[in-house]
Amino acid sequence: MKNKLRQLRAERSWSQAVLAERLDVSRQTVNAIENEKYDPSLPLAFKIAHVFDLSIEEIFEYSEDQ
Amino acid sequence: MNNKSENQSSQGDARRGMLIGMALGMGIGAVIGLVLGDISSGFIIGMGIGAAVGYWRFRDTPIGMRYPPHLVRQLIISGLLYLVTLIGVIYLLEYNLNRSIEIILVLLPALPGIWFLVSLGRAIASLDELQRFIQLEGIAIGFGITAMAALTYGLLGMAGVPQVSWMYVPVVMVFGWFLGKMWTLWRYR
């Protein structure tokens, strides 16, 4: 699954640590999601959308090849 | 966060990785040393391997597992208590005590052992979803390594290779879990 997490974070000048704190997860988890190595659970995806004040579809994009 | 502070963070993680590796190596080395009868060699070998693996693994990778401090304290205290009672029981068993006393004695280390397991369970439950997944995968890999090693060595025993103590099984299990966790952490770096 593709996502715009890194781009959205950069637009707000947040570090991975700051975003991790807001999401109540580790920096490694933020890093793994940004690098598209890990797809978050539905509750975490909703939390990410809430933190950025966007909908899930505006952040995550399903791709057929995965 | 800019590149400089990200790099500083990675260096800090590498140092922490070395320390965690050394601590784990000491624990594993102590048990190996106890089984081999030379605890100091076990400590040194374990620390060396642990530091090397810790540095190599965390050089470019942030450490994910950050347990709440009170659970870390509980894990350390219960782990040390287990080691102390284990060494004490092994020492006391040298004397020919009454059989019923011996049975009670050998069951004693199970108490701090249970405390350790409960603390470990609570510590894993406190992690976030990816960290819990990494732990689970690490345990699964450790289980596979232990089962395969035990079966292979069992077959080697049938071929005439000298048998080793069953006490190696938990050592291999912990080492397998550690390796499995390192591998999974590396994949999600």
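Just so we're on the same page: letters track the sequence lines, and every chain starts at 1.
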Check your understanding: Are there more than 12 heavy atoms of other residues, nucleotides or ligands under 6.0 Å from atom CG of Asp53(A)?
Key -> no

Check your understanding: Transitively linked via ILVMFWY side-chain contacts under 4.5 Å: Val169(B) with Ile90(B)?
Key -> no

Review point. Are Met158(B) and Tyr153(B) connected in the hydrophobic side-chain network, where two residues link if heavy atoms are under 4.5 Å apart?
Key: no

**Study point:** Greater than 12 external heavy atoms within 6.0 Å of Arg99(B)'s CZ
**Key:** no

Point to revise | From Leu130(B) atom CG to Leu44(A) atom CG, the distance as rounded to the nearest 0.5 Å | key: 9.5 Å

**Study point:** Contacting region of Pro43(A) [heavy-atom separation from chain B under 4.5 Å]
**Key:** neither

Practice item. Could you tell me which non-hydrogen atom of Ser41(A) sits nearest to which non-hydrogen atom of Glu129(B), and how far apart they are? Key: OG-OE1, 2.5 Å

Review point. Gln28(A) versus Asp128(B): any side-chain heavy-atom pair under 4.5 Å?
Key: no

**Study point:** For Tyr188(B) against Lys37(A), the heavy-atom pair lying closest together
**Key:** CE2-O, 3.3 Å

Point to revise | Atom NE2 of His70(B) with >12 non-hydrogen neighbours under 6.0 angstrom | key: yes

